[in-house]
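Notes follow once the structure below has been shown.
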Amino acid sequence: MSLFSKTLPVAAVLWLLAGCGFEPLYGSRGPTSRVESALSEIRIEPIEDRAGQQLYNHLLDRLNPRGAPGHPRYILATTVTISKAELGIERDETATRAKLSLSASFSLRDMANNAVVYSGSSQSTNSFNIVVSDFATLSAEKDAIDRAARVVSNEIKSRLALFLNRIGGARP
């Protein structure tokens with residue numbers, strides 16, 4: 001079988017995909033994509049508590065990597081709740097493992113009329129070991145919160161990007 005006969009089917013499939021209107025979500029047709037531009041127009045409101053600050057910082061890194069928008073089009077408001085359940089109970093009723101869930105509810109408001117244009121929630125569950133050392137346990141719990149905040153921020157960014165892509169979110 002020649003090289004031409006092997007590459008012809010691949011080239012045909014790529015040619016068909018090019019004509020179907022497929023466009024990657026973060027695809028670029030210029031210096032920045034339409035979705036990245038729309039995401040950069042979101043001002044993130046501060047979030048309460050330490051876990052909220054971590055989520056806020058992760059969202060800033062994902063939505064506004066070049067800094068806060070000068071003239072935001074949208075405002076993102078988020079609330080965070082954390083729940084913890086002890087697992088792995090020993091015979092003397094001491095826990096050796098804990099499950100931590102971080103939930104975030106968010107709403108995206110349009111700056112022009114303050115109307116909520118999109119809302120949703122996201123959750124991440126992590127676990128950590130409970131050991132004899134209180135410092136080590138606290139450190140493991142803080143790491144679990146940070147990992148959960150990172151996962152939730154990625155999901156919020158993806159959901160906002162899909163929404164803004166669907167409505168053609170960038171300014172004309």
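- At a threshold of 4.5 Å between side-chain heavy atoms, the hydrophobic network of Ile, Leu, Val, Met, Phe, Trp and Tyr places L60 and L160 in one connected group.
- Residue pairs meeting the side-chain hydrogen bond (donor to acceptor under 3.5 Å, both in side chains) criterion with at least one member in residues 133-142, sequence neighbours excluded, are K84-E141.
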ask   = Checking side-chain hydrogen bond (donor to acceptor under 3.5 Å, both in side chains) for the pair H58/N154: CA distance, chi angles, key distance, verdict?
value = CA-CA 8 Å; H58 289 304; N154 285 334; over 6 Å; no
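- Side chains of I44 and N64 form a contact here, defined as non-hydrogen atoms less than 4.5 Å apart.
- Applying the salt bridge (Lys or Arg N to Asp or Glu O under 4.0 Å) definition to pairs two or more places apart or across chains, none involves residues 54-65.
- E48 is linked by a side chain to side chain donor-acceptor pair (under 3.5 Å) to nothing, counting only residues two or more places apart in sequence or in another chain.
- For residues 113-122, there are no salt bridge (Lys or Arg N to Asp or Glu O under 4.0 Å) pairs, not counting sequence neighbours.
- Partners of D143 under the side chain to side chain donor-acceptor pair (under 3.5 Å) rule, at least two apart in sequence or in another chain, are R147.
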Which atom pairs, one a donor and one an acceptor, fall under 3.5 Å between side chains of residues 100-115 and the rest of the protein, sequence neighbours left out?
| from | atom 1 | to | atom 2 | distance (Å) |
| --- | --- | --- | --- | --- |
| S101 | OG | T125 | OG1 | 3.2 |
| R109 | NE | N114 | OD1 | 2.8 |
| R109 | NH2 | E45 | OE2 | 3.3 |
| D110 | OD1 | A112 | N | 3.0 |
| N113 | OD1 | A115 | N | 3.1 |

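- In this view, R50 satisfies the salt bridge (Lys or Arg N to Asp or Glu O under 4.0 Å) rule with no residue, not counting sequence neighbours.
- In this structure, the side-chain contact (heavy atoms from CB on, under 4.5 Å) partners of L87, at least two apart in sequence or on a different chain, are R97, K99.
- With a 4.5 Å cut-off on side-chain heavy atoms, T78 and L76 count as touching.
- Under the rule for a salt bridge (Lys or Arg N to Asp or Glu O under 4.0 Å), E86 has no partner lying at least two apart in sequence or in another chain.
- Applying the side chain to side chain donor-acceptor pair (under 3.5 Å) criterion to S124, with sequence neighbours excluded, gives no partner residue.
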